[in-house]
Structure formats: structure tokens, C-alpha cells
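One is the number of the first residue; the rest follow in order along the sequence.
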Amino acid sequence: MRSPEPLEAILLVGGQGTRLRPLTLHTPKPLLPTAGVPFLAHQLAKAHAHGVRRVVFATSYRASMFADAFGDGAAFGLEIEYMTEETPLGTGGAIRNAAEALTCPMDAPVLVLNGDILSGHDISAQVEFHRSRGAALTLHLTEVEDPSRFGCVPTTPDGVVTAFLEKTPNPVTNRINAGCYVFQRSVIDMIPQGEVVSVERETFPGLIEAGQMVLGYADASYWLDVGTPAAFVQGSADLVQGRLASPALPGAAGERLLLDGAEVSPEAKVTGGTVVGARAKVEAGASVRGSVLADDCRVACGAVVVDSVVGAGAHVAPGAVLRGAVVGDGARIGEGNELMAGVRIWPGVSLPECSVRFSSDV
């Protein structure tokens with residue numbers, strides 16, 4: 001990685017995070033606590049490490065919460081501006097709206113990041129690739145085992161993107177759009193202002209049709225879209241365990257991360273990259289693996305929590321079992337409940353003893 005040069009970035013954080021409900025009922029997805037800090041803290045720290053010095057947040061859903069969380073950006077060595085869409089404008093419209101706050105010249109590259117992606121790729125190398133080829137746009141492409149679940153992005157051997165293909169049972173490549181873009185500022189200004197525009201369906205194909213150079217920066221480093229509860233839990237655990245390094249991790253990488261005031265009994269087993277939130281308690285005999293325990297929650301003796309989220313102030317009673325479950329803030333899970341397979345318990349709900357079972361054993 002070459003020495004970072006000052007760079008401006010747009011961070012797309014306007015989505016409602018519906019796939020993550022109930023976690024996002026009151027908190028935007030990019031602000032969910034992930035490995036001990038708001039998710040965006042990891043992106044901002046990485047962006048700063050790669051030369052970004054000014055970030056424009058493209059906000060919409062619960063927009064004021066972003067300024068409350070990050071202020072002017074000084075804590076990250078950044079200058080942060082906030083641009084809000086009064087009505088959702090799509091990815092392209094959001095980028096164009098945020099561009100009103102950019103200060104760079106028309107021939108400068110602008111980094112655009114999606115606020116729900118964890119990536120280990122080299123941003124500086126992507127920017128340099130873009131600059132060296134004089135591209136209008138350079139996309140980060142990642143390789144996935146099953147590209148049929150995504151649209152795929154074929155390229156020539158030297159990296160020129162030839163098409164943006166919708167989901168198909170027979171994809172021509174395993175490379176997909178990874179959600180990190182380098183635009184020339186002048187290209188952003190070509191997006192219609194104040195209109196609903198999709199970069200994936202309109203802007204990107206339009207640039208190719210117009211003969212503009214669109215490049216794909218492909219690599220096979222760590223990449224994860226944290227848009228579902230299972231992926232969110234996985235991303236947090238991967239950060240805690242150091243599978244993806246982050247300057248924002250508030251502690252050393254390891255099997256668990258304990259935040260201020262967290263209490264874990266010596267007779268409890270807490271592993272797999274679990275986060276135990278501030279003032280949360282894990283009692284003797286409890287087993288917690290690969291999970292996110294939010295602030296002030298309690299996992300009682302003998303309970304089992306695997307690959308799950310336990311919300312702030314929630315209580316998991318003795319002997320309850322959670323596997324791949326989401327428990328909302330303040331919920332109470334009574335003894336003998338067995339929550340599995342993606343089940344979601346809304347905030348404040350109380351499940352009496354043995355209310356939900358996925359097996360017949362009581």
C-alpha cells in the first residue's frame with residue numbers, strides 16, 4: 001500500500017435495515033454495536049488509515065443519530081459532514097445529494113462506501129488502480145461461492161467491466177459488486193439531482209454504454225454484507241477474533257471482548273468472538289459462543305447462547321437455549337425456552353417458561 005493521499009469519501013447510511021429488525025427498530029443499521037463499537041467506527045477507522053480525511057454521510061433513516069454518534073469526526077481524525085435525504089433517492093440519488101457537500105475538484109477521485117459492508121481489501125490500491133488507468137469509475141469486486149444470489153460483474157483480463165448482469169441461475173463469473181466505489185467527481189455530478197436513481201441499474205450500465213472506462217478492482221480478501229442477523233453476528237465475532245483487523249476494536253483480539261463493567265463468572269464459558277456489553281452479566285454454568293450480548297443484559301446460570309444477539313437489558317433465564325436467535329431489548333426469555341433457526345423476539349416481549357420449543361425434550 002502506498003502512502004495515503006488526502007481523499008474525500010461519501011458514506012451511504014440511509015437504509016432502514018429492515019432485514020435486521022428488531023435490532024434496527026430504534027437504531028440505524030450502521031450504528032449497531034459491532035465488536036464493541038458502532039459498526040461505522042470500523043469503516044471510519046479503515047478509511048482514515050487509507051488517506052480519507054473528509055467524509056460526507058448520506059443519511060435518511062433516523063438521520064440525527066449519526067451526528068450524535070460521530071459529531072464532527074475529530075475523534076477519528078476526520079472532518080464529517082451530514083447530508084440528509086428528505087425522501088429516499090436510491091443509491092445514485094443519495095450519492096448525488098451528498099456530493100453537494102464535497103470540496104474536491106472535478107478531476108479528483110471520490111471514495112463511496114456502503115454502510116453495511118465489512119471488507120479487508122486495500123482501498124489505497126483500488127484508488128491507485130483507478131488513478132493509474134484514468135477511469136471514470138472503479139468498483140471493488142469480490143469473489144463468492146454462489147454468485148447466483150447476486151448480480152455478477154464480468155470484466156476483461158485487464159479489468160475493464162463489460163456488463164452488470166442481474167441475478168441468474170448460470171452466472172458467467174463468480175465476481176460480484178462489493179459495494180466500494182471510486183468515482184471521478186465529475187461523474188457523480190452527471191447523476192440527475194433530486195431524482196430517484198440506482199447506480200447498479202442506471203448509472204453503472206449507462207457509463208459503459210457511453211463508452212466511459214469502468215474498471216473492476218478484484219480481490220479475494222475478507223468481505224461480508226452484514227445485512228442479516230446471522231451475518232451481523234458473524235461480522236462482530238470475526239472482528240473480535242481478528243479474522244478482519246480493525247483499528248477501532250476496543251481491545252485485543254481474542255475469544256471474547258468484555259466491555260466496561262461486564263461480569264463473566266469464572267464458571268461460565270464465553271468463546272467464539274463473543275462481545276459482552278457494558279454491565280452485562282454471564283452467570284456460572286452459562287455457555288455463550290459467537291454472540292453479541294448488549295449492555296445491561298443477563299444470561300443466567302446454565303443458559304446456552306450460540307450465534308445469537310441478546311438485546312440491551314434483556315434476560316435469558318436459567319436453562320434457556322438460543323441458537324441463531326435475536327432477542328430484542330428488554331425481552332425476557334423464560335426457563336425451558338428453545339429459540340433457534342433465526343427466530344426473532346421483539347423488544348419488551350416476555351416468554352413464559354417453555355413457551356417456544358424446537359424439540360420435544362423439556
Side-chain angles (χ1 to χ4, degrees), residues 16-29 31-36 39 62 226-237 240 256-259 261-265 267-362:
Q16 295 190 21
T18 54
R19 292 183 296 163
L20 275 166
R21 288 178 181 170
L23 302 177
T24 52
L25 288 174
H26 306 293
T27 303
K29 174 171 54 177
L31 296 182
L32 290 175
T34 309
F39 179 83
R62 298 189 177 272
V226 297
T228 66
F232 166 69
V233 170
Q234 178 188 336
S236 181
V240 171
R256 64 189 193 182
L257 174 65
L258 307 185
L259 302 185
E263 297 181 22
V264 175
S265 167
E267 286 77 44
K269 188 174 183 180
V270 179
T271 61
T274 292
V275 176
V276 183
R279 302 170 302 280
K281 295 182 180 180
V282 181
E283 297 182 352
S287 176
V288 184
R289 185 175 79 243
S291 296
V292 177
L293 308 184
D295 297 348
D296 301 299
C297 75
R298 179 185 172 195
V299 178
C301 58
V304 175
V305 179
V306 179
D307 299 336
S308 297
V309 180
V310 179
H315 180 194
V316 180
V321 175
L322 280 62
R323 297 184 187 276
V326 176
V327 174
D329 295 349
R332 318 266 310 173
I333 309 303
E335 295 186 35
N337 281 289
E338 186 183 41
L339 308 180
M340 303 176 70
V343 69
R344 308 180 192 207
I345 306 301
W346 249 237
V349 170
S350 292
L351 289 183
E353 180 178 345
C354 296
S355 296
V356 178
R357 300 288 301 177
F358 279 75
S359 67
S360 60
D361 299 325
V362 179

Chemist: If you look at every heavy atom in Arg19 and Pro229, which pair is closest and at what distance?
Modeler: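 Answer, listing the atom of Arg19 first, then Pro229: O-CD, 3.3 Å.
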
Chemist: Can you check whether Asp295 reaches Arg279 side chain to side chain, under 4.5 Å on heavy atoms?
Modeler: yes

Chemist: Side-chain contact, heavy-atom cut-off 4.5 Å: Arg62 with His26?
Modeler: yes

Chemist: Test your reading of the model: is there a side-chain donor-acceptor pair from Glu283 to the backbone of Cys301, 3.5 Å cut-off?
Modeler: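 Checking the backbone N and O of Cys301 against the side chain of Glu283, a donor-acceptor pair under 3.5 Å is found.
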
Chemist: Measuring from Glu263:CD to Lys281:NZ, what's the distance to the nearest 0.5 Å?
Modeler: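 So the CD of Glu263 and the NZ of Lys281 are separated by 5.0 Å.
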
Chemist: Counting N and O atoms only, with roles assigned by atom type, does the side chain of Asp296 sit under 3.5 Å from a partner on the main chain of Ala312, one being a donor and the other an acceptor?
Modeler: no

Chemist: For Glu353 and Gly334, indicate whether the former's side chain and the latter's backbone hold a donor-acceptor pair under 3.5 Å.
Modeler: no

Chemist: Give, for atom NZ of Lys269 and atom CZ of Arg256, the distance between the pair rounded to the nearest 0.5 Å.
Modeler: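 CZ of Arg256 is found 12.0 Å from NZ of Lys269.
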
Chemist: With sequence neighbours left out, what residues match Glu267 under side chain to side chain donor-acceptor pair (under 3.5 Å)?
Modeler: Ser265

Chemist: Indicate the atoms forming the closest heavy-atom contact of Ala286 with Ala300, along with that distance.
Modeler: CB-O, 3.5 Å

Chemist: Show the nearest heavy-atom pair for residues Gly290 and Ala237, with the distance to one decimal.
Modeler: CA-CB, 4.4 Å

Chemist: Got a second to check how far Ile345's CD1 is from Ser308's OG, nearest 0.5 Å?
Modeler: 11.0 Å

Chemist: Side chains of Leu25 and Trp346: does their closest heavy-atom pair fall under 4.5 Å?
Modeler: yes

Chemist: Could you check whether any side-chain N or O of Arg344 sits under 3.5 Å from a backbone N or O of Leu23, counting only pairs where one atom can act as donor and the other as acceptor?
Modeler: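 Not at all, since once roles are kept as given, no pair shorter than 3.5 Å links the two residues.
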
Chemist: Apply the side chain to side chain contact (heavy atoms under 4.5 Å, CB included) test between Leu258 and each candidate in Thr274, Leu293, Val282, Val276; give the one that qualifies.
Modeler: Val276

Chemist: State, to 0.1 Å, how close Ala303 and Ala317 come at their nearest heavy-atom pair, and which atoms those are.
Modeler: CB-O, 3.7 Å

Chemist: Please examine the side chains of Val288 and Val310, heavy atoms only from C-beta on, and report whether any two atoms are closer than 4.5 Å.
Modeler: no

Chemist: Can you tell me how far apart OG (Ser291) and CG (Leu322) are? Round to the nearest 0.5 Å.
Modeler: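 Answer for the OG-CG pair, Ser291 versus Leu322, is 8.0 Å.
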
Chemist: Closest heavy-atom contact between Glu338 and Phe358?
Modeler: OE1-N, 2.8 Å

Chemist: Check for a donor-acceptor pair, side chain of Asn337 on one end and backbone N or O of Pro352 on the other, with a separation under 3.5 Å.
Modeler: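 Indeed, once roles are kept as given, a pair shorter than 3.5 Å links the two residues.
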
Chemist: Nearest 0.5 Å, please: how far is CD1 in Ile333 from NE2 in His315?
Modeler: 10.0 Å

Chemist: So if I apply the side chain to side chain contact (heavy atoms under 4.5 Å, CB included) rule between Phe232 and each of Leu20, Thr24, Val326, which one comes out positive?
Modeler: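 The passing option is Leu20.
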
